[in-house]
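Both ligands and their constituent atoms are indexed starting at 1 by order of listing.
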Amino acid sequence: MAQSVRKLFDIDSGALSNPLNVLRRVWGYPEFRGMQDEVIRSVIARRDTLVLFPTGKGKSLCYQLPALCMKGTAVVVSPLVALMRDQVEELKELGVVAGALWSEQSPSEAAEVKLLLRSGELKLLYVTPERIAAGGLASMAGSDGLSLIAVDEAHCISFWGNNFRKDYLALGRLKEMYPGVPIVALTATADPHTRKDIVRLLNIPSAEVFVDSFDRKNISYEIIPRSNPKAQLMDFLKRHEGESGIVYCLSRKKVEQTVEWLNEQGIRAKHYHAKLDPALKAANQDAFRMEEGLCLVATVAFGMGINKPNVRYVAHLDLPASIESYYQETGRAGRDGLPAETFMVFGMQDILQRVRMIDEGDSTEQIKRIERAKLNALVGLCETTACRRQAILGHFGEYHSGSCGNCDTCTKPIETWDGTEAAIKALAAIYRTGERFGVGHVIDVLTGKVTEKTKRFGHVDLQVFGAGKEYNAAIWQSIYRQLLALNLIRVEHDEFGAMKLKEAAAAVFKKERSVTLRRDRTVSRGQRKPTGASNYSSRSGLSTEDHKVFEALRQERLAISRELGVAPYVVFPDTTLIAFATRRPSTPDEMLEISGVGRMKLERYGARFLSVLEFALR
Ligand code: ADP
Ligand code: ZN
């Protein structure tokens, strides 16, 4: 560790061999989380290391902390400038000498970073993949050279995932270009295929691999059939007043319409999609970082650059492409470990839309088959009667015993019913109308609705016409979706969503197989009621009194963040403010005992927060 850093944190050289000391002094965290400790020891021992942790488990620390304990400068490869800057900002607030190099940077800023690099003072240098692949960083570094190379979002190197980036392929040469420098690759993408790709393409065959559980216990899951999407969304958002969150839509048009509508309803919302004017895009993304209580409505173009730890909710108004995408997108909530809620509405139309996107896409037939299988798995998750967490983790090959208590099927168990007779009718209606019609028409036939179309095709004369009058159209919709999820039928997009029977349907017809169906709920079943300006109190169990203190602390944090031009969470995370509000430290030493208060932050803002607390106690 550079002399200056050692002095700053009051760590003698002996303590350097003790990462826990560094964690406590610099970050102010009392303990390592999960497998951080083991990873850090592997990196400090200069071994190539692959880290597979879900979002929020604290991957950054796995290279940032070793960078402080090791000689030389650590280079961190990151796919997005926004991410790099965010991390550099956070490190600087901790008192760590860090910088970034990217192409559109001002020359003076770049010169300053290079100077620190040459002097060996720079502990962490963030760069884009192109920059490191261009070479020369080792010779630009001080006499101690490079300590390690961290490859963040390492899954971007794999074709397999949905975030492949061509510029990551160049990282395959790192081992040759920087011999002897350990590589730490990190990702939140768990699937074995991507994992193998990373090891192979980065050329780190003997990397130590660390895989943590992918369970995100603090995130709740809720998936309900779409009935009245606006009302359903509003119901959900009401529980999150004053909090930041993301609403995902499939199309740019829907993003724009949704934002407009939310603003009309008095909800502060901004939009983000790939085609947005770059300046506005940057401004909206920045607003999301800097402000509290903003709802960002976006397409999946908004994602990787989000470092904000206190995203309290993620809502999906359209079906994502796969369970992988769903988990990645919902995973942006609750990185700080505090409770976060996710919510999705879906319907038959979504499935059709996705089938169309796959069929019309330019992937090879083999990839399309995989994409269809992934979509099917997601539809299965939507229609499951079992614990959603168990189903999701099971999909990633991780065992969970179920009954998580934090998903909609667990908190409000799904009622099921014997739907064998209904299924037979539903299948018969498809068959008798020649497997040529979409769900809307077939339901008209079942419910005996006389329309121009049912007359024209002579369907009013069929035996199945009106045979399903005991259920309304919404229930038949639900039945068809479930038949799809059960793989008894499929839909053809190029025949306008015509439903076809699959082979397995025969067993149902012959009554060799019974069909259990779920009874749908279309009303969001959050347990919490709106609590006015902010829901933090209900969320973290703060008393009314503590909540007032918390709000005062939040105001102070916002003021500091404005003064410094950094995001509020860079000053202190919510978890730290909550601890201030409940434990009410009254001296700097008591403050240091709270998780998230390191030496540097205490020195910088300790007094300001102490005076807020003192005032609040009067
Ligand atoms: P990831 O990259 O895995 O999504 P981050 O590195 O962004 O996770 O960490 C998520 C949050 O957890 C950050 O706010 C970070 O400061 C915090 N964190 C990391 N390690 C610890 C720890 N040992 N104790 C407390 N908080 C931690
Ligand atoms: Zn559950």
Ring centroid separation Phe580 to Phe572 under 6.0 Å
yes
Aromatic ring pairing Tyr272/Phe302, orientation class (parallel under 30°, perpendicular over 60°, tilted between):
tilted
Can you tell me if CZ on Arg608 sees more than 12 non-hydrogen neighbours from other groups inside 6.0 Å?
yes
Who are the ring-ring contact (aromatic ring centres under 6.0 Å, His included) partners of Tyr326, not counting sequence neighbours?
His316
Arg519/Glu415 salt bridge by N-O under 4.0 Å criterion:
yes
Determine yes or no for a side-chain-to-main-chain donor-acceptor pair under 3.5 angstrom, with Asp48 supplying the side chain and Glu208 the backbone.
no
Taking the cut-offs as 6.0 angstrom to the six-membered ring centre and 45 degrees off its axis, would you call Lys308 and Phe288 a cation-pi pair?
yes
Any protein N, O or S atom under 2.8 Å from the Zn ion (ligand 2)? Found Cys387 SG, Cys404 SG, Cys407 SG, Cys410 SG
Hey, what polar pairs (N/O, under 3.5 Å) does ligand 1 make with protein?
residue	atom	partner	partner atom	Å
ligand 1	3 (O)	Gly56	N	3.4
ligand 1	3 (O)	Gly58	N	3.1
ligand 1	3 (O)	Lys59	N	2.9
ligand 1	3 (O)	Lys59	NZ	2.9
ligand 1	4 (O)	Gly56	N	2.6
ligand 1	4 (O)	Arg335	NH2	3.0
ligand 1	6 (O)	Lys59	N	3.3
ligand 1	6 (O)	Ser60	N	3.1
ligand 1	6 (O)	Ser60	OG	2.7
ligand 1	7 (O)	Arg335	NH2	3.1
ligand 1	8 (O)	Gly58	N	3.2
ligand 1	12 (O)	Arg33	NH1	3.0
ligand 1	16 (O)	Tyr29	OH	2.6
ligand 1	20 (N)	Gln36	NE2	2.9
ligand 1	23 (N)	Glu31	O	2.9
ligand 1	23 (N)	Arg33	N	3.4
ligand 1	23 (N)	Gln36	OE1	3.0
ligand 1	26 (N)	Arg33	NH2	3.1

Got a sec, which residues hit salt bridge (charged side-chain N to carboxylate O under 4.0 Å, His left out) with Glu153, two or more places apart in sequence or on another chain?
none
Does the ring center of Phe236 lie less than 6.0 Å from the ring center of Tyr313?
yes
